[in-house]
Amino acid sequence: MDTADNQAAKISADTAASATSGMALALSTSAHAADGPTTDSASHDAPTAGKRGRRMRAETDRKILQACLQIVITQGIGAVSIEEVAKRSGVAKTTIYRRYRNSEDMLAQVQTLEFGRTPELAELSATRPNLQLMLERIVQHFSSQIGIEAVGMVLSTRNRYFSRIVEQAILPERRRFADFLHRGERAGVLRSGLDAAFLFNTIIGSMIASQALPLQSTSMADTQWAKRMADLIWPAIAA
């Protein structure tokens, strides 16, 4: 499934879900009206429960698909199975079977994972402290969204299952980093003609290698890595 088809399918699914939710709410409202007045508490219970249910379902789906992704990273695509995903995600096999037909279906749905973005850094001026801040935000973003190991894997494969992860989770960070460099060049703070793609790939390589260090999953380790990387890069890019 290509990106356009996947986006279209997602929009269609969202529209159908909204329509179903709206119909259910309308029916519920009509039933209450026929029975007579209700208390404020009762009138809010159904919508609240519906939102909670959708939120729980979305969280379950995310656990399943993230477990699927981690299996691919550590064991390869051939290791993905309903049983292994259930073990990794903590979600019951019966629940997974209700959502996905087989491992192929799960792998296809990995493309639907939604990824958050780092806080807006569009106005961040090109200084040594801000470079460290940007690097720290990037590593924290990758750690929380897909895991550092996944970054290296999805960038090194042409597998169709992971194209959307590159587009949604990785390329936006590379563009933000390139914009940071361009602002510095225009301000005369950074050298002109910097190769943003090369520098970003260097950062990714260092980030992946840092996973072998002790305490790599802590926020302190992220800060220490960002400081070391900024110390290394800044002299090479400063005007």
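Positions are given from 1, in the same order as the sequence printed here.
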Please lay out, stage by stage, how Phe142 and Ile204 fare under the test side chain to side chain contact (heavy atoms under 4.5 Å, CB included). CA-CA 10 Å; Phe142 287 149; Ile204 294 297; 3.7 Å; yes
Check: Can you check side-chain hydrogen bond (donor to acceptor under 3.5 Å, both in side chains) on Ser192 and Glu185, steps first, answer last?
Finding: CA-CA 5 Å; Ser192 60; Glu185 291 178 13; over 6 Å; no
Salt bridge (Lys or Arg N to Asp or Glu O under 4.0 Å) filter on Arg128, not counting sequence neighbours, yields Asp231
> Can you name the salt bridge (Lys or Arg N to Asp or Glu O under 4.0 Å) partners of Lys93, sequence neighbours left out?
Replying inline: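 Checked Lys93 against salt bridge (Lys or Arg N to Asp or Glu O under 4.0 Å); zero matches.
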For Pro235 and Ala230, the nearest pair of non-hydrogen atoms, with its separation, is CD-O, 4.3 Å
Quiz item: Shortest non-hydrogen contact from Ile82 to Met106?
Solution: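 Of all heavy-atom pairs spanning Ile82 and Met106, the closest is CD1-CE, 3.7 Å.
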Less than 4.5 Å apart, side chain to side chain, heavy atoms only: is that true for [X] and [Y]?
| X | Y | answer |
| --- | --- | --- |
| Met134 | Arg137 | no |
| Ile170 | Phe200 | yes |
| Tyr97 | Asn102 | no |
| Leu181 | Leu199 | yes |
| Val139 | Ile203 | no |
| Phe177 | Arg174 | no |
| Arg99 | Thr60 | yes |
| Leu131 | Met229 | no |

- Test item: Arg191 side-chain N/O and Ala238 main-chain N/O as donor-acceptor pair under 3.5 Å: yes
Among all residues two or more places apart in sequence or in another chain, which pass the side-chain hydrogen bond (donor to acceptor under 3.5 Å, both in side chains) test with [X]?
| X | value |
| --- | --- |
| Glu59 | none |
| Asn130 | Ser125, Thr127 |
| Thr95 | Arg98 |

- Do Arg88 and Glu84 meet the salt-bridge criterion of a basic N to acidic O distance under 4.0 Å? yes
Tell me, with the steps shown, if Val72 and Leu107 meet side chain to side chain contact (heavy atoms under 4.5 Å, CB included). CA-CA 9 Å; Val72 173; Leu107 285 166; 3.8 Å; yes
side-chain hydrogen bond (donor to acceptor under 3.5 Å, both in side chains) pairs touching residues 197-206, sequence neighbours excluded, are Ser206-Trp225
